[in-house]
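This report concerns only the one structure given below.
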Protein chains: 2
Amino acid sequence: MFEEVPAEMSEMRSPTRRRERVAAAPVAPVLADRLRAHGLRPTRQRVDLLHVLQAKGDRHVSAEVVYDEALRSGVSVSLATVYNTLKQFTEAGLLAELAVSGAKSFFDTRVDRHHHFYVEGEGAMIDLDLDDVRIERLPEPPAGMEVVGYDVVVRLRRKA
Amino acid sequence: MFEEVPAEMSEMRSPTRRRERVAAAPVAPVLADRLRAHGLRPTRQRVDLLHVLQAKGDRHVSAEVVYDEALRSGVSVSLATVYNTLKQFTEAGLLAELAVSGAKSFFDTRVDRHHHFYVEGEGAMIDLDLDDVRIERLPEPPAGMEVVGYDVVVRLRRKA
DNA sequence: ATCATTGCAAACGTTTTGCATTACA
DNA sequence: TGTAATGCAAAACGTTTGCAATGAT
């Protein structure tokens, strides 16, 4: 391994919690609307997965974690569908793909502009509000290009 | 695919160029010293791969690209050794691992502190001198942590 | 001579795909 | 009903590992 990366990056998994089939929960209509608003048909799996993703607030997840949590909460999906759905959600703007070093994909449930702390040696990422970082000087883009935005990763080390 | 990522990120491959066995070239002793200075035994493969990596100036490569270039320039290595060697080089500080979105590892031959442009849709990264970006305000690290540094990625889009 | 390094092939974990089935609109 | 989405298993990648052979000091 090039680096130890925890299954879920920014928090420990909280104790298992039994839950009704999410699709039947009262939040479902809201989720369905959110999906429609992003051009996605609100199928059972998409609603369920969106619910799983949102159930714990902002976080950084891998496909496997989402799959595990889905099963754990009684949602029936295949791993392939989780992968495909995360990809669709990302294309639709419901998720953002995180740039991390290593060979595994991570997704950020928070899609508004923000930055990150990165804890070295643990691979954990922590959200950083936009206001906590400010860039003073932005470089000139190469000819024919325009600047879309910038991402800052502040690297941390645990004090001895 | 989540995103098209070119085999080599920051430049197109230049036309194939026949070359002597690198280990026999006059640069070898220098490379060997560099390896020793970083605590690595200068084996033939390590010298050869270091030469391949440095042959084109600073760049962002994947294991596969390094492997291809090695074969193309007459260097005999196995893909497994390329992977292992890139990992060792990274640990030894001869390379830096790049944080990119996606499921593949990329390495930066430039190890001094610098930032990057990232061209959306092409996955290309372009080096940015440290002076071209300046951060005005750095956030307070969480308790028990200290800030080691920060990386900035300026995202670009090709103008229409 | 000794011990690190290598090569190879096989194992592994992650992600994608093909195709028959299901379910939304 | 027509079409998009799903499940599954299998394939396709990217990466690592085990072990015997090789090479550096």
Side-chain angles (χ1 to χ4, degrees), chain A residues 1-8 23-24 28-29 31-33 35-36 38-50 61-68 70-71 75-92 95 97-98 100-107 123, chain B residues 1-9 23 28-29 31-33 35-36 38-50 61-68 70-71 75-92 95 97-98 100-107 123:
Chain A
M1 274 296 174
F2 278 52
E3 176 121 21
E4 227 32 64
V5 176
E8 178 157 345
L31 297 179
D33 287 346
L35 287 170
R36 275 190 213 94
H38 285 260
L40 293 173
R41 279 197 351 202
T43 66
R44 179 179 66 72
Q45 286 87 344
R46 299 219 263 233
V47 173
D48 287 358
L49 289 177
L50 187 54
V61 292
S62 64
E64 240 228 318
V65 165
V66 173
Y67 179 60
D68 286 352
L71 296 191
V75 168
S76 161
V77 267
S78 71
L79 181 55
T81 297
V82 171
Y83 272 104
N84 294 334
T85 301
L86 291 181
K87 175 179 166 178
Q88 292 157 357
F89 281 9
T90 301
E91 283 160 0
L95 290 177
E97 193 170 2
L98 274 172
V100 295
S101 22
K104 203 173 172 180
S105 298
F106 283 89
F107 299 87
Chain B
M1 274 296 173
F2 278 52
E3 175 123 20
E4 226 33 62
V5 176
E8 177 157 343
M9 302 190 77
L31 297 178
D33 288 346
L35 287 169
R36 276 192 211 94
H38 286 259
L40 294 172
R41 262 207 222 168
T43 65
R44 179 181 65 74
Q45 287 86 341
R46 299 220 262 235
V47 172
D48 286 359
L49 288 177
L50 187 54
V61 292
S62 64
E64 241 228 317
V65 165
V66 174
Y67 179 60
D68 284 353
L71 295 192
V75 167
S76 160
V77 267
S78 72
L79 181 56
T81 297
V82 170
Y83 273 105
N84 294 334
T85 302
L86 292 181
K87 176 177 165 178
Q88 292 158 356
F89 281 8
T90 301
E91 283 160 1
L95 289 178
E97 194 170 1
L98 273 173
V100 293
S101 22
K104 203 171 169 181
S105 298
F106 283 89
F107 299 87

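Since the model is a prediction, treat every value here as computed from it, not as a measurement. Proteins come first, then strands; the chains are lettered A, B, ... in the order of their sequence lines, and each starts at number 1.
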Between [X] ([atom1]) and [N] ([atom2]), how many Å, whole number?
X	N	atom1	atom2	value
A:Lys104	C:dT14	NZ	P	5 Å
B:Leu98	D:dG14	CG	P	17 Å
A:Leu35	C:dC24	CG	P	13 Å
A:Leu49	D:dA5	CG	C1'	12 Å
B:Leu71	C:dC8	CG	C1'	14 Å
A:Leu86	D:dT6	CG	P	12 Å
B:Leu79	D:dT17	CG	P	14 Å
B:Asn84	C:dA9	CG	P	16 Å

Less than 4.0 angstrom between a side-chain N/O of [X] and OP1 or OP2 of [N], yes or no?
X	N	answer
B:Arg44	D:dA24	no
B:Gln88	C:dT5	no
A:Tyr83	C:dT15	yes
A:Ser105	C:dT15	yes
A:Thr81	D:dA5	no

Where the side chain of [X] is defined as all heavy atoms beyond and including C-beta, which of [options] is the nearest nucleotide?
X	options	value
A:Ala63	D:dA5, D:dT17, C:dT15	C:dT15
B:Thr43	C:dT5, C:dT17, D:dT15	C:dT5
B:Arg41	D:dA24, D:dG7, D:dT17	D:dA24

Do B:Gln45 and B:Thr85 come within less than 4.5 Å of each other through their side chains, counting heavy atoms only? no
Validation row: B:Val77, B:Asp48 side chains within 4.5 angstrom (heavy atoms): no
Nearest heavy-atom neighbours spanning B:Phe106 and B:Val100: CD1-CG2, 3.8 Å
So, for B:Ser105 and B:Glu97, which heavy atoms are closest and what is the spacing to 0.1 Å? OG-OE2, 3.6 Å
Identify whether any heavy atom of B:Ala80 sits under 4.0 Å from a base atom; if not, whether one sits that close to sugar-phosphate; answer base, sugar-phosphate or nothing. base
Would you give the length of the straight line joining atom NZ of B:Lys104 to atom CD of B:Glu64, rounded to the nearest 0.5 angstrom? 5.5 Å
Using the closest heavy atom to pick a nucleotide of DNA chain C for each, name whichever of B:Val82 or B:Ala103 lands nearer the 5' end. B:Val82
